[in-house]
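To start, the structure itself, in structure tokens.
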Amino acid sequence: MPLGEVTSPRLPWTRRHLLGIEPLSVEEITLILDTAVQMREIMDRPIKKVPTLRGRTVVNLFMEASTRTRASFEMAERILSADSLSIQAAGSSVAKGESLLDTVKNLEAMTPDVIVIRHSSAGAANFLARTCNSRIVNAGDGAHEHPTQALLDALTLRQAKGRIEGLRVAIVGDVLHSRVARSNIHLLTKMGAEVTLCAPPTLLPQSFSNVVTLNWRFDEAIEGVDVVMMLRLQQERMTSAFISTTREYHAQYGLTMARLKKAKTDVVVLHPGPMNRGVEIASDVADSKSSLILDQVTNGVAVRMAVLYLLLGGGRE
Ligand code: CP
């Protein structure tokens with residue numbers, strides 16, 4: 001049944017919130033990715049506007065800095081004709097000491113359909129889903145999950161490689177502080193990829209050692225991989241000395257052209273952004289033909305369109 005100009009998928013979508021990748025099944029992930037392919041087609045039209053979510057209201061509540069995620073949710077909402085407003089911590093009453101729960105309860109009193117939340121505390125989105133009436137989308141909660149990032153990464157890999165199953169993926173960098181790594185570990189292992197995590201021992205948690213390979217030697221971890229996913233060094237989350245210097249870090253864990261040659265010849269490079277050029281990734285790699293970094297950003301809009309569409313009834317018969 002078409003809703004606006006988007007064809008409803010065959011499988012029903014039953015979830016009220018998108019809080020993480022961990023609870024999702026392979027079928028649910030595939031449904032979001034297949035729906036995002038339809039959304040991508042709308043983005044390629046000269047007139048990028050469909051009436052699918054007309055009359056629906058979305059609040060984008062960003063309590064932590066963002067460029068890509070916030071802009072792409074806003075773009076997704078506009079293309080789907082939803083009404084939306086964006087609130088940031090600076091300039092809101094959070095700056096006067098209002099709690100997250102009070103902030104959200106007050107926004108809910110204005111009857112939005114969905115609240116998209118980014119917060120520095122792990123578990124913030126789950127907390128709101130338990131305590132509020134609105135549908136909640138997690139746009140990144142502390143070092144916990146960033147589900148739409150992993151979904152846009154998966155869409156980008158499916159476009160580039162035609163599949164996710166069987167791909168050899170190295171996730172490299174500040175794994176310890178990375179919600180992007182966590183969501184991608186859940187997604188890639190569920191979808192049948194072979195994942196290696198690579199970081200200095202201080203930034204390499206053991207918690208996923210039952211489902212991934214751990215290797216703190218980058219020159220070994222990169223050998224023969226199909227995908228290198230670089231992570232930002234999150235110095236703002238570091239409470240002690242996890243690395244010696246950024247120069248030393250780049251020497252051991254920076255992705256350079258010389259290192260990239262050890263991967264497969266058709267290797268692709270992902271990075272969620274923002275990049276620390278010259279730290280985790282050399283500029284010539286970031287701008288090379290192997291880099292899909294800007295394709296990830298484009299696909300972020302399509303994935304966020306798909307998520308909003310499914311949560312607001314597009315996946316129900
Ligand atoms: N990838 C990502 O979450 O980027 P932003 O922090 O700019 O949203």
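Whatever order the structure lists them in is the order used to number ligands and atoms, beginning at 1. Every heavy atom of this structure was used, including side-chain atoms; hydrogens, water molecules and symmetry mates were not.
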For this session: Decide, yes or no, whether a salt bridge links Asp287 with Arg277 under the criterion of side-chain N to carboxylate O below 4.0 Å.
Result: yes

Problem set entry | Proximal ligand 1 atoms for Thr69, defined as those under 4.0 Å from one of its heavy atoms | 2 (C), 3 (O), 4 (O), 5 (P), 8 (O)

Exercise. Going by heavy atoms in the side chains, are Asp153 and Leu188 under 4.5 Å from each other?
Worked result: no

For this session: With heavy atoms of Pro272 as the reference, note each atom of ligand 1 found under 4.0 Å away.
Result: 1 (N), 2 (C)

Problem set entry | Nearest neighbour in protein (non-hydrogen) for atom 6 (O) of ligand 1 | Arg118 NH1, 2.8 Å

Problem set entry | Full working for salt bridge (charged side-chain N to carboxylate O under 4.0 Å, His left out) between Arg182 and Asp141 | CA-CA 11 Å; Arg182 267 168 195 73; Asp141 62 326; over 6 Å; no

For this session: List every atom of ligand 1 that sits less than 4.0 Å from any heavy atom of Gly273, numbering the atoms from 1 in the order shown and giving each element.
Result: 1 (N), 2 (C), 4 (O)

Exercise. Would one find an N or O of Thr67, backbone or side chain, under 3.5 Å from an N or O of ligand 1?
Worked result: yes

Problem set entry | Residues in side chain to side chain donor-acceptor pair (under 3.5 Å) contact with Ser72, at least two apart in sequence or another chain | Arg304

Problem set entry | salt_bridge(Glu28, Arg15) N-O dist < 4.0 Å | yes

Exercise. Closer than 4.0 angstrom: is that true for some heavy atom of Glu64 and an atom of ligand 1?
Worked result: no

Exercise. Just which atoms of ligand 1 are under 4.0 Å from any heavy atom in Gln149?
Worked result: 1 (N), 2 (C)

Problem set entry | Min side-chain heavy-atom separation Arg70-Gln88 under 4.5 Å | yes

Exercise. Which residue and non-hydrogen atom of the protein lie closest to atom 4 (O) of ligand 1, and at what distance in Å?
Worked result: Arg68 NE, 3.1 Å

